[in-house]
Amino acid sequence: MTERKGPRARLGPSPTLAVLFLLPALLLLGVWMVYPVIYSIFRSLYDATGERFVGLGNYGSIFTDSATLTTIRNNIIWVVVAPLVVTVLGLIFAVLTERIRWATAFKLVLFMPMAVSLLAAGVIFRLVYEQDPDKGVANAVLTTVHDTFSAGQGYPGARPRENDQSPAVAQQDGTVTVRQPARPGQAVLIPLVGLPPDSVKDAPPATAVAPADGVAADAIGGTVWLDVVRGGGGTVNQVDPQEKGLAGITVEAVSDGQVKATTETAADGTFHLTGLPAGSYTVRLPQSNFAAPFNGLTWLGPTLITPAIIGAYIWVWAGFAMVLIAAGLSAVPRDALEAARIDGATEWQVFRRITVPLLAPVLLVVFVTMVINVLKVFDLVFIIAPGSVQPQANVIALEMWRVSFGGGNNQGMGSALAIFLLVLVVPFMIFNIRRFRRDER
Amino acid sequence: MTTVAAEPRQQAAGIERGLAGRLLDRIGGGVVQVFLVLVAVFWLVPTLGLLVVSMRDDTANNSSGWWTFFTKPAQITFENYSNLLTSGFTSSFWNTILITVPATLLIIFIAAMAAYAFAWIEFPGRDTVFLLVIALLVVPIQIALIPIAKLYGTFGIFGSIVSVVLFHVAFGLPFAIFLLRNFFVGIPRELLEAARMDGAPEWRIFATVVFPLAKPAVASLGIFQFLWVWNDLLVALVFADTQNQPMTKALQSQMRQFGTNVDILAPGAFLSLIIPLVLFFAFQRYFVQGLLAGSVK
C-alpha cells in the first residue's frame, strides 16, 4: 500500500507496528463486543436451559407474549415522544438563550442533570412524584393551582346528625337537605358534625340568622355550622357562641326538582338565598361540598407511569440537546439573519425560514442520538416505576435484564431480546457510518 | 418614476416597523426572561428537593413537604449523613472509585494507542476496521451481558471489581477511539514527520508529540468516561457482587423500601452525585467539547 499512498507514506512506520498499537483495543472489542453478538445469536435459538434448540421460538414469543408486547408498545411510545420533545425543547432553549445575558448560567442549570447518574435522577423523581401533596412537589404544585382556581374548599366527612331531631338529613346521593321545607322570609339551621373541631378552629364563630333581623321577604336565610363545641358542652341543634361557621359551602334552594337559587355561606356560616318567589323550597347542600379534596395525580400508577418517566428523561436530556443545538446556532452566519430582519422578516419568519433549515443537520444528529438512547432506556424505568407497576412501565432493555438476571432465568429469551435491541439500532449504525464517510470527504 | 417615489415610503415604513419592533422586542425580551427563569427553576427544584430531603429527619419528611424548610430552616440536620457514613455505605463509595478511576485511565490509554494507529500509521484494511469501530458505537450493552457473564464464570472473575472495570473499558472504547482519532488526524502532519525524520521511534512520537498535543481531547474523554462509569448501574447490577458493588447498586437495592428509607436513599443519592457534579462544573468546557466531537452513543 506504500505505492498507493505515494511518497508521503515513505516516512511512515511499518504496518506491523500498527498491530502493536491496536492490539489491546482490538482484543477488548473482539472479546467484549464482537464475540457476544455472535454468541447471543446462537444462544437466542435455544431455550432457557440452553440445551433444547427452539429455532426462532424465542423471537416468536417476543411478539406473542403479552408482557413483551407491552414493552414493545412502551418503547414505541418512548421513541415517538421523547426524542421529539427533547429536540424541540433544546431548539427553543437554544434560540431563546441567545437573547439573555445569563445564558451561561441557564445552560449550566439545564445541563447539570447530565452529570447526575440516572439512579440519582430516578430517586429525585420518585420524590417529585410522591402521591401525597405534602411530600411530592408535583402534586403540591398541582393541588395549589387547582385550589386557587376552583372555588371553595370541601368539607369531606361533614354530615348531619343521624336522628329525628336533626333539622338536616343526609340523602342517598350525598347531598344534605333540610328536613322541613322553607318559605321565603324564613331562616333555617343546618348543623353539621363529623369534622374535627381543630380543622375549623381559626374560623369566626357561627351566627344564627333570625327571621326577625333581616331575612328579606324574597329570601331564605340560614346558617351552616359545626354543631360541636371543642371540649364538649353546648346545646345540640342550636348555635352556641363557641361554635364555628362553615364558610364557602354551596347552598341551593330547590323547588319541583329545579334549582331556583344558589349561594355560598359567609365566613360565619350564614347564607341568604335571594330572589325567590313565594312558595315552598327545599334547602339543599350539594354533594360537592363534601367531596374529598383534589389530591393531585397518581403519577406512579399504571396509567401515568410512562409519561411520568418520560418527563424525568426530558429533564435529564433537554440540556444536552440545547448545548448541541446552541453550538450549531453559533455557526449560523449572523449576516443571513440580519439581512432577513432588515428586509422586514418577523422573528418567527427568521426562525422558521432561516434558522431551522440551517440547523437541520444538527437537529437530525440530536434527534438520532436521542432515538438510539431511548431504545436502550433502562435505569430510569427500573428506578422510578415502583415494583407493582413495573409490568406496565416495562421496556425492552429492562425486560432483557429481568428475564435473564432479575429472576426470569431464561437466557435464551434474554439473548433474543438483546438481538432484537441490536437489530433496532442497526439503522443508526448505518446512519453513523454514512455520516462519517461523508464528513471524511 | 413610481419606483423612485416608492422608495422613501418604504424606508419610512421600515423605520416605523423598527420602532414598533423595538417595543415588541422589549416586551418580548421580558417574556423570554420570565419564561427562562421559570424553566431554570423547574430544572433546579427536583435536585434541590433531594438535597433538602436528605437533610431532614424521618419525622419531618413524613409530616410535611421539604419546601417547608424555607420557612422553618431549623429542621435541617446532618444526622442522615452521619448515619450513612457510619453504615456499610462507605465501602460502596470506595468501590465506585476503585472501578471508575482505573476504567477511565485504561480507556484513555488503550484508546489513544488505537487512535494513533488509525490516524497516523498506514496499514491494510485501516478504513474497514475503523468503520467497524464506528458501527460498534451504538451496540447496546445488553448484547454482552449474558455472554460475558458466562465468560467471567469460566475464568472465575465474576463479581469482582476487575470484571466490572474490563467491561466498562471495552464498551467505552468505540467512543474513545472515535473521539481521539478525530482529534489526532487534525494534528499537523509536519510535526510528526519532523519527529520521524529525526528517527524517533513511533512509541516516542506517540508519547511525546501526539499525546501532549491532544490534552483537550483527552480531558474531554476523561470527564466523559469518568461520568459514564461512575453513574453506571446496569453493568454493576449484573457483574458486581455485594462486597464489590458501587454506590449505584447499593442504592438500587434500597429502592424496594422506598417509602420507609428515604433517610438512606436521599443522602446516598446526593453523595453519589456530588463528585460528578463538582467535576462537571470544573471541566464543563471539555465535557461540551466531547459532546460536540462525537454525539452518537
Side-chain angles (χ1 to χ4, degrees), chain A residues 1 5 9 11-13 15 17-18 21-22 24-25 28-29 32-33 36-37 39-40 43 96 99-100 106 109-110 115-117 119-120 123-128 134-135 137 140 323-324 327 344 365 369 372 376 378-379 383 397 400 404-405 411 414-415 418 421-422 425 428-429 432-433 436, chain B residues 17 29 32-33 36 40 43-47 49-50 53 64-65 110-111 113-114 116-117 121-124 131 134-140 142-144 146-148 167 169-170 173 177 193 196 202 227 231 233-234 238 248 251-252 255 258 265 269 272-273 276-277 280 288 291-292 295-296:
Chain A
M1 76 271 105
K5 291 294 173 187
L11 273 168
L17 203 62
F21 275 83
L22 284 170
L28 281 155
L29 292 178
W32 271 264
M33 294 183 91
V37 173
Y39 180 95
S40 293
R43 186 68 186 82
L96 290 186
R99 296 154 153 248
I100 56 171
F106 181 84
V109 166
L110 257 82
V116 172
S117 70
L119 172 113
V123 173
I124 286 172
F125 275 85
R126 271 295 274 275
L127 291 168
V128 167
D134 277 339
K135 286 188 192 170
V137 72
V323 167
L324 240 65
V365 167
T369 310
I372 299 170
K376 304 186 226 171
F378 167 83
D379 308 45
I383 298 298
M400 186 271 150
S404 9
F405 299 97
Q411 303 205 327
S415 299
L421 211 52
L422 180 67
V425 298
F428 305 103
M429 252 180 212
N432 278 342
I433 290 174
F436 174 75
Chain B
R17 179 192 288 280
V32 167
Q33 298 265 358
L36 291 182
W43 248 257
L44 277 177
V45 160
T47 320
L50 178 76
V53 165
S64 60
I110 295 173
M113 281 174 50
Y116 181 79
I121 306 179
E122 301 274 359
F123 62 91
L131 286 183
I134 293 177
L136 291 177
L137 269 175
V138 295
V139 167
Q142 273 78 5
I143 202 87
I146 293 171
I148 296 301
F167 194 97
V169 173
L173 276 177
I177 295 173
E193 301 210 323
R196 281 176 182 166
E202 211 61 23
L227 292 179
N231 289 335
L233 171 63
L234 180 56
V238 174
T248 45
L251 288 169
Q252 190 278 324
M255 284 305 290
F258 186 82
L265 273 170
S272 84
L273 65 79
L277 215 56
F280 167 73
V288 173
L291 272 187
L292 298 179
S295 50
V296 272

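Letters go in sequence order (proteins before strands), and every chain restarts at 1. The analysis underlying the following values was restricted to heavy atoms, covering all of them including side chains, and did not include hydrogens, waters or symmetry mates.
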Most heavy-atom pairs under 4.5 Å with chain B, out of A:V128, A:L28, A:L17, belong to A:L28
So which of A:A418, A:G414, A:A140, A:A327 has the largest heavy-atom pair count under 4.5 angstrom toward chain B?
A:A418
Nearest heavy atoms of B:V138 and A:K376, plus distance in Å:
O-NZ, 3.2 Å
Looking at B:I143, B:I134, B:L44, which makes the most heavy-atom pairs under 4.5 Å with chain A?
B:I143
CG of B:L273 to CD1 of A:I124: how many Å apart, nearest 0.5 Å?
6.0 Å
If you tally heavy-atom pairs under 4.5 Å between each of B:A111, B:G49, B:S64, B:A135 and chain A, the highest tally belongs to B:A135
Side chains of B:V139 and A:L422, heavy atoms from C-beta outward: is any pair under 4.5 Å?
yes
How many angstroms lie between atom CG of B:L251 and atom OG of A:S117, to the nearest 0.5 angstrom?
8.0 Å
Checked B:L136, B:V45, B:L265, B:V53 vs chain A; the most non-hydrogen pairs under 4.5 Å come from B:L136
Bottom line for A:S415: the part with an atom under 4.5 Å from chain B's heavy atoms is both
Turns out that what part of B:F167 lies under 4.5 Å from chain A's heavy atoms comes down to both
If you tally heavy-atom pairs under 4.5 Å between each of A:I383, A:V37, A:V323 and chain B, the highest tally belongs to A:I383
Would you say the side chain of B:P124 lies within less than 4.5 Å of the side chain of A:P15, judging by non-hydrogen atoms?
yes
Counting C-beta onward and ignoring hydrogens, is there a side-chain heavy-atom pair between B:I177 and A:L29 closer than 4.5 Å?
yes
Rounded to the nearest 0.5 Å, how far apart are CG of A:D379 and CD of B:Q252?
9.5 Å
Contact check, side chains of B:N231 and A:V116, non-hydrogen atoms, under 4.5 Å
no
Could you have a look at A:R99, A:M429, A:R43 and say which one has the most heavy-atom pairs with chain B under 4.5 angstrom?
A:M429
For A:L22 and B:F123 the tightest heavy-atom approach is CD1-CZ, 3.4 Å
For A:Y39, enumerate each residue passing the ring pair (Phe, Tyr, Trp, His ring centres under 6.0 Å) test, keeping only those at least two apart in sequence or located in another chain.
A:Y35
As an exercise: rank B:A144, B:P140, B:G65, B:A114 by heavy-atom pairs under 4.5 Å with chain A and give me the winner.
B:P140
Does B:V169 form a side-chain contact (heavy atoms from CB on, under 4.5 Å) with A:W32? I'd like the steps, not just the answer.
CA-CA 9 Å; B:V169 173; A:W32 271 264; over 6 Å; no
Heavy-atom closest contact (B:I110 atom, A:P24 atom, distance):
CG2-CB, 3.8 Å
Heavy-atom nearest pair, A:A18 first then B:A117, reads O-CB, 4.2 Å
Quick check: closest heavy atoms across B:L227 and A:A115, and the distance to 0.1 Å?
CD2-O, 4.1 Å
Nearest heavy-atom contact between A:I433 and B:L131 is CG2-CD2, 3.8 Å
Non-neighbouring partners of A:F428 that pass ring pair (Phe, Tyr, Trp, His ring centres under 6.0 Å), sequence neighbours left out:
none
